[in-house]
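In listed order, ligands and their atoms are each counted from 1. Residues take their numbers from the sequence shown, with the count starting at 1. Just so you know, these numbers use all the heavy atoms, side chains as well, and skip hydrogens, waters and symmetry mates.
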Amino acid sequence: MLAHRVEHFVESVIRDMTRLSLKHNAINLAQGFPDFPAPWELKRAASSAIMDDYNQYSITWGAKDLRDEISRKAREYNHIEADPDSEVTVTCGSTEAMMASMLALLNEGDEVVVFEPFYENYGPDAAVSGAVPRFVPLTDDNSIDGDVLASVFNKKTRALILNTPNNPCGKVFRKDELKLIADMCIDYDVIAVTDEIYEYILYDNKKHISIASLDEMKDRTITISGFSKTYSVTGWRIGYALAEKTLTSAIRKVHDFLTVGAPAPLQHACVSALRFSESYYEELAGMYDGKRKLLYNALIKAGFKCSLPEGAYYILADIPEGTGMDDTAFARYMVSEVGVAAVPGSSFYRSEAGKHKVRFTFSKKDETLMEAARRLEGLSI
Ligand code: PLP
């Protein structure tokens with residue numbers, strides 16, 4: 001006998017593809033984690049923290065020195081003022097920050113606006129909170145249709161999830177689009193919950209803008225980010241949520257009972273991550289730009305239709321015409337016959353649009369991507 005809330009959950013397709021990838025000895029371009037080392041200074045800081053005995057529970061909402069650094073970074077990079085004592089919560093990854101925020105905000109029957117394509121966690125996050133997701137498809141060129149956005153807002157709308165840069169399509173929301181979203185949130189008294197985990201992975205001079213930095217948005221936004229992607233430490237599980245005092249106090253309560261706290265020595269190490277110089281972030285974006293082009297060229301050569309993403313580290317590609325396969329069949333064919341794992345597009349869509357797409361990550365060593373490119377040449381359709 002199981003709870004109704006889990007009845008409609010399907011196991012993560014992404015992790016399922018990882019399993020298949022291992023079975024077929026395929027190159028795993030399904031799950032978005034780096035296969036290259038984390039920065040040496042960061043590993044050194046983590047080992048020192050353990051040896052220096054930062055080994056017991058830290059303050060449940062995060063070690064003081066980490067909250068101080070996050071607050072400084074938020075001011076300087078995101079243009080958000082967040083008081084480290086009452087407006088910053090350190091969590092077990094941004095995943096927990098998102099779940100804790102939804103549990104803190106939503107009641108049974110509330111509605112949550114989610115742009116499509118979306119990161120696969122948001123639906124289950126809303127469902128666990130008893131809320132109903134309302135999807136807003138982006139247009140073919142990844143823009144917002146203002147009329148479609150306006151059509152989903154109503155008096156039950158309580159929150160809107162905004163992921164920029166976006167996984168899976170790489171969209172980086174522009175200021176005018178954020179302003180449109182902000183106006184809707186203000187008119188309907190809605191809280192924006194953001195997922196800004198790829199905030200430093202940007203291409204072609206795109207700029208990251210946090211919606212909380214827009215007029216009248218600071219107190220109606222929960223800004224979520226973390227260390228997984230920027231510092232290539234997805235296994236450390238350190239993230240955070242920035243929110244106005246009353247919201248933070250609710251998020252902290254949920255967080256305390258869910259996890260007590262994020263790993264203490266790794267929190268300590270993350271303080272040094274936030275003190276990396278400007279050049280670290282430039283090199284990170286430059287490195288991913290090279291990988292982006294490598295994978296893009298390989299996919300075009302193999303017959304996929306796709307465009308270069310503006311941010312994050314994924315390419316969402318149209319399945320080549322004439323395969324006669326839907327996304328799931330095609331992803332299975334790719335992993336077993338071509339030796340490259342990708343994620344079926346329907347993981348990111350509620351509509352049928354995902355059935356013609358697959359997502360690849362390029363968060364891999366160049367040699368991994370080159371081997372994938374070589375295998376993709378063998379795609380015979
Ligand atoms: N949000 C998005 C959009 C992601 O793509 C991912 C990981 O792939 C996460 C959140 C998970 O982040 P974390 O490791 O901080 O929980």
Side-chain angles (χ1 to χ4, degrees), residues 12-18 28-35 38 42 62 66 70 73 88-103 112 114-126 128 133 138 142 160-173 192-202 208 210-211 222-242 251 255 258-259 261-263 266-267 269-270 273-274 288 292 309-316 341-343 345 347-349 359-364:
S12 162
V13 177
I14 299 180
R15 282 180 277 283
D16 197 34
M17 287 311 297
T18 294
N28 186 359
L29 302 189
Q31 207 171 359
F33 61 85
D35 67 346
L42 209 49
L66 181 57
I70 290 172
K73 172 261 177 192
V88 178
T89 309
V90 178
T91 54
C92 295
S94 63
T95 302
E96 193 225 333
M98 183 59 76
M99 182 65 95
S101 300
M102 301 256 219
L103 287 169
V112 183
V114 179
F115 291 102
E116 182 193 68
F118 47 79
Y119 174 57
E120 61 166 1
N121 279 30
Y122 305 147
D125 284 344
V128 165
L138 293 176
N142 289 337
L160 171 143
I161 299 180
L162 178 68
N163 173 213
T164 183
N166 173 278
N167 169 13
C169 72
K171 160 87 177 166
V172 175
F173 285 82
V193 186
T194 73
D195 179 341
E196 305 185 21
I197 189 93
Y198 298 103
E199 61 188 329
Y200 287 102
I201 304 179
L202 301 160
H208 176 70
S210 294
I211 199 168
I222 302 176
T223 303
I224 293 175
S225 192
F227 294 79
S228 289
K229 314 289 178 172
T230 308
Y231 304 99
S232 307
V233 288
T234 58
W236 281 21
R237 315 306 309 128
I238 311 277
Y240 54 88
L242 313 175
I251 293 168
H255 161 74
L258 274 179
T259 65
L266 303 181
Q267 287 193 50
C270 283
L274 291 173
Y288 276 124
R292 171 180 80 134
E310 298 173 333
Y313 52 47
Y314 305 93
I315 295 182
L316 187 62
V343 184
S347 298
F348 313 106
Y349 289 83
R359 190 203 72 179
F360 299 87
T361 180
F362 50 88
S363 61
K364 305 294 168 195

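A salt bridge links Lys73 to Glu199: at least one charged side-chain nitrogen sits closer than 4.0 Å to a carboxylate oxygen.
The aromatic rings of Tyr314 and Tyr198 lie perpendicular to each other, with more than 60° between the two planes, well past the 30° mark.
Residues passing the side-chain hydrogen bond (donor to acceptor under 3.5 Å, both in side chains) test with Asp125, sequence neighbours excluded: none.
The part of Arg237 lying near ligand 1 is the side chain, judged by heavy-atom distances below 4.0 Å. Under 4.0 angstrom from ligand 1, the non-hydrogen atoms of Tyr198 all belong to its side chain. At a heavy-atom distance under 4.0 Å, only side-chain atoms of Asp195, from C-beta outward, approach ligand 1.
In terms of protein heavy-atom proximity, atom 11 (C) of ligand 1 is nearest to Thr95 OG1, 3.5 Å. The shortest contact between atom 13 (P) of ligand 1 and any protein heavy atom is with Ser94 OG, 3.3 Å. From the protein, the heavy atom lying nearest to atom 7 (C) of ligand 1 is Lys229 NZ, 2.9 Å.
A 4.5 Å side-chain heavy-atom check between Leu162 and Ile211 finds at least one atom pair inside the cut-off.
Between Tyr122 and Phe118, the ring center distance fails the sub-6.0 Å criterion.
With ligand atoms numbered from 1 in the order given, ligand 1 contributes 15 (O), 16 (O) to contacts under 4.0 Å with heavy atoms of Gly93. Heavy-atom proximity to Asn167, at under 4.0 Å, picks out these atoms of ligand 1: 3 (C), 4 (C), 5 (O).
Below 3.5 Å of separation, one finds no N or O of Asn163 facing any N or O of ligand 1.
Paired with Arg359 under the rule side-chain contact (heavy atoms from CB on, under 4.5 Å), one option of Ile315, Asn167, Leu29 passes, and it is Asn167.
Contact analysis puts Tyr314 in contact with ligand 1, with a non-hydrogen atom separation below 4.0 angstrom.
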